[in-house]
Amino acid sequence: MVLTYKRTSNPMMNRPVVKKEIVDFMRERQTQITGPLKNVETFAHENNIPIIPHETVVYFQLLLDLMKPKRILEIGTAIGFSALMMAEAASEAEIITIDRNPEMIALAKENLATYDTKKQITLLEGDAAELLPSLEGEFDFIFMDSAKSKYVEFLPKAMELLSENGVIIMDDIFQGGEILIPIMEIKRNQRALERGLRRLFDEVLDNPKYHTSILPLGDGVLMIKKREHEIQTGI
């Protein structure tokens with residue numbers, strides 16, 4: 001046994017850190033949203049519209065500031081909150097966002113017309129599966145926050161569209177921990193979603209084609225990047 005590090009010398013190593021009190025701390029102590037974006041966030045919370053939580057917002061703001069992407073693709077616009085947040089964090093980026101829900105599209109159009117003052121954001125209406133093949137050029141940052149069962153289906157085309165040092169981020173991959181539950185114990189109407197996520201994990205985790213990382217932000221974030229070998233061979 002190494003005497004310097006006894007079994008009891010670091011009691012923090014095996015304690016879970018993402019508990020309610022820590023989540024509250026992250027959401028309350030990190031820099032808050034202000035200005036027009038705050039209006040969109042407030043509307044979403046008041047109307048029970050799911051948007052990325054504050055800890056994920058702050059992470060995106062830092063990541064985009066570091067990456068300085070020229071083009072961003074979002075699958076899942078909702079009311080436009082995340083697209084507007086990304087436009088604010090990457091003020092020189094062109095953003096294309098896709099949604100198929102008519103009610104969300106109508107609200108997003110209002111918000112984009114009001115708050116997208118630099119006209120960075122283009123909203124495409126329709127099914128992402130049909131629209132993705134029509135997109136041209138490369139994207140440095142691709143954010144998926146749509147039907148979770150479809151992530152694995154969108155992945156091949158997203159990888160084709162991804163630039164050399166680009167990153168794909170997929171949101172809500174933990175599903176409140178249901179990814180750990182046997183599929184037959186999950187409600188029948190949720191099983192397609194869960195099967196899709198599990199196919200995604202089987203495809204990307206521990207696959208030499210992808211460099212992946214899972215972050216415990218919100219309901220889980222999966223980050224995917226091309227490995228250097230795949231870039232060099234053009235796969």
Side-chain angles (χ1 to χ4, degrees), residues 4-69 72 74-91 93 95 97 104 107-108 111 115 141-146 148 151 167-181 186 190 193-194 197 200-201 204-205 211-225:
T4 301
Y5 294 103
K6 299 179 181 178
R7 293 184 185 277
T8 58
S9 65
N10 188 354
M12 301 303 175
M13 277 187 67
N14 299 310
R15 292 176 59 180
V17 70
V18 185
K19 42 193 172 183
K20 184 181 183 304
E21 295 82 2
I22 296 296
V23 172
D24 290 344
F25 176 83
M26 290 191 292
R27 293 180 181 180
E28 294 167 6
R29 290 298 302 275
Q30 296 191 91
T31 304
Q32 298 297 303
I33 294 170
T34 59
L37 195 59
K38 182 65 178 179
N39 299 334
V40 185
E41 180 188 51
T42 299
F43 179 86
H45 290 162
E46 289 175 348
N47 290 274
N48 198 35
I49 297 169
I51 59 173
I52 56 176
H54 190 63
E55 65 271 26
T56 307
V57 168
V58 175
Y59 177 71
F60 272 38
Q61 289 171 331
L62 175 59
L63 183 61
L64 292 170
D65 187 43
L66 290 169
M67 291 183 64
K68 294 179 171 48
I72 295 172
E74 177 184 52
I75 303 174
T77 313
I79 62 172
F81 173 77
S82 50
L84 288 165
M85 178 274 294
M86 291 188 288
E88 188 177 274
S91 59
I95 300 173
T97 184
M104 292 297 102
L107 292 168
N111 287 327
Y115 301 120
F141 192 85
I142 299 177
F143 177 45
M144 297 189 196
D145 190 13
S146 58
K148 317 311 169 193
Y151 285 175
V167 171
I168 297 173
I169 292 188
M170 300 177 178
D171 200 24
D172 299 325
I173 55 112
F174 288 160
Q175 289 299 293
E178 286 196 348
I179 58 165
L180 304 176
I181 300 174
I186 293 172
Q190 290 291 106
L193 182 156
E194 295 293 342
L197 280 177
L200 173 68
F201 298 144
V204 303
L205 300 182
H211 193 164
T212 62
S213 177
I214 294 176
L215 302 177
L217 296 170
D219 193 23
V221 166
L222 175 64
M223 298 183 67
I224 305 172
K225 185 181 182 299

query = Is a donor on one side and an acceptor on the other found under 3.5 Å between the side chain of Q30 and the backbone of M26?
reply = yes

task = Quick one: closest heavy-atom pair of T97 and G76, and the distance?
result = OG1-C, 4.5 Å

task = Test M223 against L63 for side-chain contact (heavy atoms from CB on, under 4.5 Å), laying out the working first.
result = CA-CA 12 Å; M223 298 183 67; L63 183 61; 4.0 Å; yes

task = Dump the intermediate steps for side-chain contact (heavy atoms from CB on, under 4.5 Å) on F141 and I169, then the final yes or no.
result = CA-CA 8 Å; F141 192 85; I169 292 188; 3.7 Å; yes

inquiry  = To the nearest 0.5 Å, what is the distance between CG on N111 and CE on M104?
reply    = 10.0 Å

ask   = What are the two closest heavy atoms between I173 and L197, and how far apart are they?
value = O-CD1, 3.8 Å

Option among L215, L217, I51 that satisfies the side chain to side chain contact (heavy atoms under 4.5 Å, CB included) test with T56 = L217

remark   = Result for side chain to side chain contact (heavy atoms under 4.5 Å, CB included) between F143 and one of V167, V221, D171, I72 points to D171

task = Could you grab the distance from atom CE of M86 to atom CD of E74, nearest 0.5 Å is fine?
result = 4.0 Å

Distance, nearest 0.5 Å, that separates OG1 of T34 from CG of N39 = 10.0 Å

query = Out of L200, I75, I214, which residue meets the side chain to side chain contact (heavy atoms under 4.5 Å, CB included) rule with M170?
reply = L200

ask   = CD of E28 to CD of Q32: how many Å apart, nearest 0.5 Å?
value = 8.0 Å

query = So how far is it from M67 CE to F60 CZ, rounded to the nearest 0.5 Å?
reply = 10.5 Å

Derivation and outcome, side-chain contact (heavy atoms from CB on, under 4.5 Å), residues H54 and I33 = CA-CA 8 Å; H54 190 63; I33 294 170; 4.1 Å; yes

task = To the nearest 0.5 Å, tell me how far I52 CD1 sits from F81 CZ.
result = 5.5 Å

